[in-house]
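Residue numbers count from 1 along this sequence.
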Amino acid sequence: MNFLHSPRHRFLSPFTLFIQRRWKKPTVSAQTRLEDRVRDPHFDKLMTHLNRLYLVLEIHHLMSTRKRAPFVSLTLMSRWRNILGLNVPVGSFLHKYPHVFDVFVHPFRRNTCCRITKKMKELILLEGVVVRQQEMEAVKRVKKLLMMSVNGTLRLHALRMVRRELGLPEDFRDSILGKFSGDFKLVGLEVVELVDWDAELGLAEVEKWREREYTEKWLSEFETKFAFPIGFPTGFKIERGFRERLKNWQRLSYTKPYERKEVVRVRTCGGIERYEKRVVAVLHELLSLTVEKMVEVDQLVHFRRDLGIEVNVRELLLRHPGIFYISTKGKTLIVFLREAYRKGGLIEPNPVYEARRSMLDLVLLGCRKTRKLLVGDEAKEESNAVVCEVNEEGERQGDWVIPFLENCEQSRSP
């Protein structure tokens with residue numbers, strides 16, 4: 001068969017065969033930037049570990065909703081596989097974390113059941129206690145968010161989305177907003193308003209860094225007045241002219257987050273670049289107010305109207321990889337404040353973060369044996385071996401089933 005008349009080349013002719021196809025410039029979007037970005041192994045590893053903790057806490061939440069008993073059968077828990085999004089059987093997942101889940105055989109029904117270990121329960125309760133103790137810090141965080149807002153108001157729906165990230169209790173509407181009526185005012189059912197402006201809180205976190213750079217490193221005020229801490233991951237490629245553009249951007253002035261303005265728009269800020277730099281400062285401050293210096297990207301969208309953000313948040317975060325890092329290791333995109341972390345841990349931890357880190361450390365122990373776990377296993381073996389013992393006084397000693405057996409014997413006796 002002739003080459004030009006083959007089915008594959010039936011649309012070609014001697015004239016069109018040698019015409020070059022016009023080269024098209026590849027499109028650059030938020031998705032392509034997300035795929036082509038330089039990965040940071042420390043943040044991705046931390047996010048992988050946090051996903052395990054979130055899964056454990058979700059199982060604890062499902063177990064706590066059942067009020068019949070402090071344990072749940074594995075037959076019932078196997079139905080939660082699709083809810084939890086597990087790729088392995090629930091039983092296999094539970095056996096990976098003996099420090100968190102206590103899998104045992106029910107003494108009467110003889111079926112396999114699961115309950116949360118005492119150590120994990122203590123850490124979960126400790127987190128709630130620490131959150132209650134840090135209520136004044138939570139009040140400051142909410143006040144600073146209201147001071148950054150355009151009209152001094154926030155929707156409660158947006159606060160609920162980042163409740164855990166801000167270290168707020170579940171009933172923060174009553175325990176925080178309702179309790180401190182001198183600072184907050186509820187307008188209707190879903191809006192909170194700032195009562196009075198606090199000048200002492202009107203200092204952004206990045207301003208403290210600039211002051212340290214100016215006093216400790218003896219840098220000029222021109223270089224540090226509008227600068228941000230920048231740190232690129234290993235393997236980041238610096239293109240030609242990048243350093244000069246970054247230097248000019250660091251010197252670019254902008255409207256700071258706590259500067260009062262009636263309407264914050266592109267024209268009022270003096271150009272697109274200055275406006276985008278102000279949005280970077282707002283997002284930087286919002287992440288600084290969180291407990292773990294991280295938040296879901298989708299949750300930031302709920303603050304766009306209140307904080308005057310009129311740009312694509314994800315695309316803006318990807319354009320500044322030296323300040324923010326977006327991790328895809330999870331169900332949703334998580335943005336980290338790069339300067340707050342060092343090798344997968346916070347540089348300046350807080351009590352709420354330490355309580356959550358303790359839970360994460362317990363989960364990451366996996367099946368590794370510790371002295372406490374070995375002592376617990378010996379106690380379990382002894383309790384399982386002792387079915388019924390009678391001491392000199394005639395009282396029974398054994399496991400937790402013995403009191404129930406005593407009641408049965410009493411009811412049978414005439």
- Is a side-chain N or O of Arg115 found less than 3.5 angstrom from the main chain of Phe104, in a donor-acceptor match? no

- Task: List the steps and the verdict of salt bridge (charged side-chain N to carboxylate O under 4.0 Å, His left out) for Lys208 and Glu205.
- Result: CA-CA 5 Å; Lys208 302 177 183 178; Glu205 193 68 26; 3.6 Å; yes

- Do Glu285 side-chain atoms and Ala204 backbone N/O form a donor-acceptor pair below 3.5 Å? no

- Would you check, one step at a time, whether the test side-chain contact (heavy atoms from CB on, under 4.5 Å) holds for Leu286 with Val162? CA-CA 11 Å; Leu286 195 153; Val162 295; 5.7 Å; no

- Kindly determine whether Phe184 and Leu146 satisfy side-chain contact (heavy atoms from CB on, under 4.5 Å), including the steps that lead there. CA-CA 9 Å; Phe184 310 111; Leu146 287 168; 3.6 Å; yes

- Closest approach of Met77 and Ile59, non-hydrogen atoms and distance? CE-CG2, 3.8 Å

- Query: What is the ring orientation for Phe228 with Trp249, classed by angle as parallel under 30°, tilted 30 to 60°, or perpendicular over 60°?
  - Reply: tilted

- What is the distance from atom NZ of Lys256 to atom CZ of Phe226, rounded to the nearest 0.5 Å? 5.5 Å

- Note on the structure: Between Val150 and Arg305 the two heavy atoms that sit nearest each other are CG2-O, 4.4 Å

- Task: Quick one: closest heavy-atom pair of Leu307 and Leu145, and the distance?
- Result: CD2-O, 4.1 Å

- Query: Salt-bridged, Glu213 to Arg210, with N to O below 4.0 Å?
  - Reply: no

- Phe236 versus Pro321, closest heavy-atom pair with distance: CE1-CG, 3.9 Å

- SB check Arg132 Asp171 (cutoff 4.0 Å): yes

- Message: Checking the side chain of Ser149 only, and the main-chain atoms of Asp306 only, is there a donor and an acceptor separated by less than 3.5 Å?
- Response: no

- Are any side-chain N or O atoms of Asn51 and backbone N or O atoms of Lys329, one a donor and one an acceptor, separated by less than 3.5 Å? yes

- Item | Closest approach of Tyr254 to Ala281 (non-hydrogen atoms, all atoms of both residues) | CE1-CB, 3.5 Å

- Query: Does a side-chain heavy-atom distance below 4.5 Å link Thr75 with Asn111?
  - Reply: no

- Query: Between atom CZ of Arg66 and atom OG of Ser73, what is the distance when rounded to the nearest 0.5 Å?
  - Reply: 7.0 Å

- Arg356 versus Glu292, closest heavy-atom pair with distance: NH1-OE2, 3.2 Å

- Message: Contact between Glu223 and Arg251 at the side-chain level, heavy atoms closer than 4.5 Å - yes or no?
- Response: yes

- Would you indicate whether Asn87, at its atom CG, is surrounded by more than 12 heavy atoms from other residues, nucleotides or ligands within a distance under 6.0 Å? no

- Hey, are Lys277 and Glu273 close enough for a salt bridge, meaning a charged N less than 4.0 Å from a carboxylate O? no

- In Å and rounded to the nearest 0.5 Å, what is the CZ to CG distance from Arg173 to Leu168? 14.0 Å

- Item | Test item: Tyr275 side-chain N/O and Glu310 main-chain N/O as donor-acceptor pair under 3.5 Å | yes

- Query: Looking at His106 versus Phe71, is the centre-to-centre ring distance below 6.0 Å?
  - Reply: yes

- Mind checking whether Arg52 and Leu364 have side chains closer than 4.5 Å, heavy atoms only? yes

- For the residue pair Thr255 and Arg274, confirm or rule out a side-chain donor-acceptor distance under 3.5 Å. no

- Item | CD (Glu211) with more than 12 external heavy atoms under 6.0 Å | no

- Heavy atoms, side chains only, cut-off 4.5 Å: are Pro351 and Gln133 in contact? no

- From Ser64 atom OG to Lys121 atom NZ, the distance as rounded to the nearest 0.5 Å: 10.5 Å

- N/O donor-acceptor pair under 3.5 Å between Arg304 side chain and Val311 backbone: yes

- Message: Test your reading of the model: is there a side-chain donor-acceptor pair from Lys144 to the backbone of Leu201, 3.5 Å cut-off?
- Response: yes

- Do Met120 and Val56 have side-chain heavy atoms sitting under 4.5 Å apart? yes

- side-chain contact (heavy atoms from CB on, under 4.5 Å) between Lys185 and Glu193: does it pass, once the steps are laid out? CA-CA 5 Å; Lys185 177 184 176 182; Glu193 183 180 358; 4.2 Å; yes

- Query: Around Leu189, counting heavy atoms of other residues, nucleotides and ligands shown, do more than 12 lie under 6.0 Å from its CG?
  - Reply: no

- Measure from the ring center of His284 to the ring center of Trp209 and say whether it is less than 6.0 Å. no

- At what distance, to the nearest 0.5 angstrom, does CG of Leu316 lie from CD1 of Ile309? 8.5 Å

- Item | Glu354, CD atom: more than 12 neighbouring heavy atoms under 6.0 Å | yes

- Heavy-atom distance under 4.5 Å between the side chains of Ile230 and Gln250, does that happen here? yes

- Could you tell me the separation between the CD atom of Glu58 and the CD1 atom of Ile83, rounded to the nearest 0.5 Å? 8.5 Å

- Classify the ring geometry between Phe336 and Tyr341 as parallel (under 30°), tilted (30 to 60°) or perpendicular (over 60°). perpendicular

- Message: Do Leu94 and Leu74 have side chains that approach each other closer than 4.5 Å (heavy atoms only, starting at C-beta)?
- Response: yes

- Message: Please evaluate residues Leu300 and Leu317 with respect to the criterion side-chain contact (heavy atoms from CB on, under 4.5 Å), reporting the C-alpha separation (whole Å), side-chain torsions for both, the decisive distance (0.1 Å), and the verdict.
- Response: CA-CA 11 Å; Leu300 295 175; Leu317 295 174; 4.2 Å; yes

- Would Phe232 and Phe242 count as a close aromatic pair, with their ring centres under 6.0 Å? yes

- Under the 3.5 angstrom rule, does the side chain of Tyr325 hit a backbone N or O of Phe43 as a donor-acceptor pair? no

- Message: Please check: side-chain N/O of Lys143 versus main-chain N/O of Asp183, any donor-acceptor pairing under 3.5 Å?
- Response: no

- Message: Please check: side-chain N/O of Arg338 versus main-chain N/O of Ile323, any donor-acceptor pairing under 3.5 Å?
- Response: no

- Message: Using side-chain heavy atoms (C-beta onward) and a distance below 4.5 Å, is Val363 in contact with Tyr97?
- Response: yes

